[in-house]
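Working notes for the structure below.
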Amino acid sequence: MNRPNLLDQLAHATQERVQRGLHRRLRAAEHTAAGRCRLDGREFIVFCSNDYLGLAAHPDVIAALQRAAAEHGVGSTGAHLISGHHRAHAELEETLAAWTGRERALLFSTGIMANLGVMQALLGRTDTRQPGLCLQDKLNHASLIDGARATAATLRRYPHADVDAAARQLATHPNDAALLATDGVFSMDGDIAPLRALAALCRRESATLMVDDAHGLGVLGPQGAGSLADAGLTQDDAPILMGTLGKALGTGGAFVAGSAALIDGLVQFARSFVYTTAPPPALAAATLEAVRIARAADDRRERLHGLIERFRSGAAQLGLPLMPSTTPIQPLLLGDAERASAAATALEQAGFLVGAIRPPTVPDGQARLRITLSAAHRDDDVDRLLDALAALPRKTQADPASDSC
């Protein structure tokens, strides 16, 4: 029998990644603090985390987790629909719905499970429903794309932020139920989707707009309510909002918010909600405290945006090819994957952790340093990072003639 061996095929594909300089590896941090961590016995300033407001190590969030764990235990003990839905989960859902201006919210264990659940519930084939069309920005997060691929829906991807192209693609499927899904803030580029124009398009074409606001929640909009609030869009404009809790809120998990009908439908049909253990109630209690802090954290948001301006101004003076972003995600486009890896290694030697983002996460020729800022950083941290970027060996620096943004 000549049947191929799946494990051998996987090992071969992994070796190809190694040969191309694209191999990923896990490293265990020994200690983390606001904007800092210890790794392999060394202290680093971290410019690769998504802890945008510096809440992951906030003492009040830690204390809320400890109190709830002491009272309710560590685990939820079951799925939400059996024994795992605790009062802390319900209170957090109510608070998230109120914060984002939605009728209801539903907790999921992770962002990818939330996006998968929405796609399953809306686009899955049933006896009375055809799966329809899912239209997505080409730079959407992998969880949105994979969620659509896991259904029988027709998936179409329009060029990044191109509303006219999205309209043309919708027009080619005039009789299909349609979901248009987009990141609010794009995780690798840091730019903000044209949400008002997309909402207007969906109204004209009777399509449903879904926004993954993982990187906007807590950072943008009044009280940090996210990119939709920043754009002045309501539940009627964008019926489906997904947000994650492990970025600006500093804890873990995700939620979907929208109408009561949407949430009830997800409870019935989102398999990634129904068939999994609920998150720990202590984590929900910690997230409640994080939301309380985040809603009142205008000073932290002001601090964060000041650091963004400081970094971008310094980078411009150095001639560094930053991509256009006003969010904490500041990509430095280097083009070549080897160049990006070498730059990240040189920065690590200088005491900074910065993520080198390479294919297949980004397209070939668009490897970059994904520099992320936090309200926990000091002015001096940003200035020292700029000095380290300026001192990178020439072979790791971008070639403006070929790699300019």
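Quick note: residue numbers are just sequence positions, from 1. Source: prediction; values computed, not measured.
Between the side chains of T234 and D237, at least one donor-acceptor pair of N or O atoms lies under 3.5 Å. A donor-acceptor contact closer than 3.5 angstrom links the side chains of D212 and N115. Side-chain polar atoms of S374 and D51 form no donor-acceptor pair below 3.5 angstrom. When only modelled atom types and interatomic distance are considered, N5 and Q9 share no side-chain donor-acceptor pair under 3.5 Å. No side-chain donor-acceptor contact under 3.5 Å links R156 and Q169.
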Stepwise salt bridge (Lys or Arg N to Asp or Glu O under 4.0 Å) check, R312 with E309: CA-CA 5 Å; R312 290 193 66 84; E309 292 177 5; over 6 Å; no

Chi angles and distances behind the side chain to side chain donor-acceptor pair (under 3.5 Å) call for D191, S325: CA-CA 5 Å; D191 58 332; S325 167; over 6 Å; no

Working for salt bridge (Lys or Arg N to Asp or Glu O under 4.0 Å), residues R368 and D189: CA-CA 10 Å; R368 66 200 61 181; D189 285 39; 2.7 Å; yes

Test log, rule salt bridge (Lys or Arg N to Asp or Glu O under 4.0 Å), inputs D379 and R303: CA-CA 10 Å; D379 289 355; R303 168 74 180 153; 2.8 Å; yes

Residue pair L389, L332: steps toward the side-chain contact (heavy atoms from CB on, under 4.5 Å) verdict: CA-CA 10 Å; L389 290 169; L332 177 59; 4.0 Å; yes

Worked check of salt bridge (Lys or Arg N to Asp or Glu O under 4.0 Å) between R384 and D387: CA-CA 5 Å; R384 289 171 59 194; D387 289 342; over 6 Å; no

L217/W99 under side-chain contact (heavy atoms from CB on, under 4.5 Å): CA gap, chis, key distance, verdict: CA-CA 10 Å; L217 188 72; W99 185 25; 3.8 Å; yes

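At a threshold of 4.5 Å between non-hydrogen side-chain atoms, the residues L133 and L170 count as touching. Proximity of V256 to L241: side-chain heavy atoms (C-beta onward) are nowhere separated by under 4.5 Å. Q268 is listed as a side-chain neighbour of D264, based on a closest heavy-atom distance under 4.5 Å. Residues Y158 and T182 meet the side-chain proximity criterion, which asks for heavy atoms closer than 4.5 Å. Looking only at side-chain heavy atoms (C-beta outward), I192 and L220 come within less than 4.5 Å of each other. Side chains of D137 and R157 form no contact here, defined as non-hydrogen atoms less than 4.5 Å apart.
Only one option out of L39, L347, I45 pairs with L353 in a side-chain contact (heavy atoms from CB on, under 4.5 Å); it is L39. Evaluated for a side-chain contact (heavy atoms from CB on, under 4.5 Å) with F255, the options I263, L245, L106 yield exactly one hit, L245.
Aromatic ring centres of H160 and F186 lie closer together than 6.0 Å.
Atom OG1 of T151 is separated from atom CG of D146 by 11.5 Å, given to the nearest 0.5 angstrom. Here the OG-CG distance, from S272 to L266, works out to 8.5 Å after rounding to the nearest 0.5 Å.
When all heavy atoms of Q235 and E103 are compared, the closest pair comes out as OE1-N, 2.9 Å. In terms of heavy atoms, R295 sits closest to T95 at NH1-O, 4.4 Å. Nearest approach of L55 to A294, heavy atoms of both residues: CD1-CB, 4.2 Å. Between A340 and A367, the shortest heavy-atom distance links the atoms CB-CB, 3.9 Å. Among all heavy-atom pairs drawn from H89 and G84, the shortest one is CE1-O, 3.1 Å. Smallest separation of non-hydrogen atoms from L135 and A166: CD2-O, 3.4 Å.
The environment of CD in E205 is crowded: more than 12 heavy-atom neighbours from other residues, nucleotides or ligands sit within 6.0 Å.
Between K247 and D213 there is no salt bridge, since none of the side-chain N atoms of the basic residue sits less than 4.0 Å from a carboxylate O of the acidic one. Of the charged side-chain nitrogens involved, at least one lies within less than 4.0 Å of a carboxylate oxygen, so that R310 and D383 count as a salt-bridged pair. Ionic pairing of E348 and R27 is present here: one or more N-O contacts between side-chain nitrogen and carboxylate oxygen are shorter than 4.0 angstrom.
Taking the six-membered ring where tryptophan is involved, the planes of H80 and F273 are essentially parallel, since the angle between them stays under 30° and well short of 60°.
A donor-acceptor pair under 3.5 Å is absent between the side-chain atoms of S227 and the main chain of G184, judged by distance alone.
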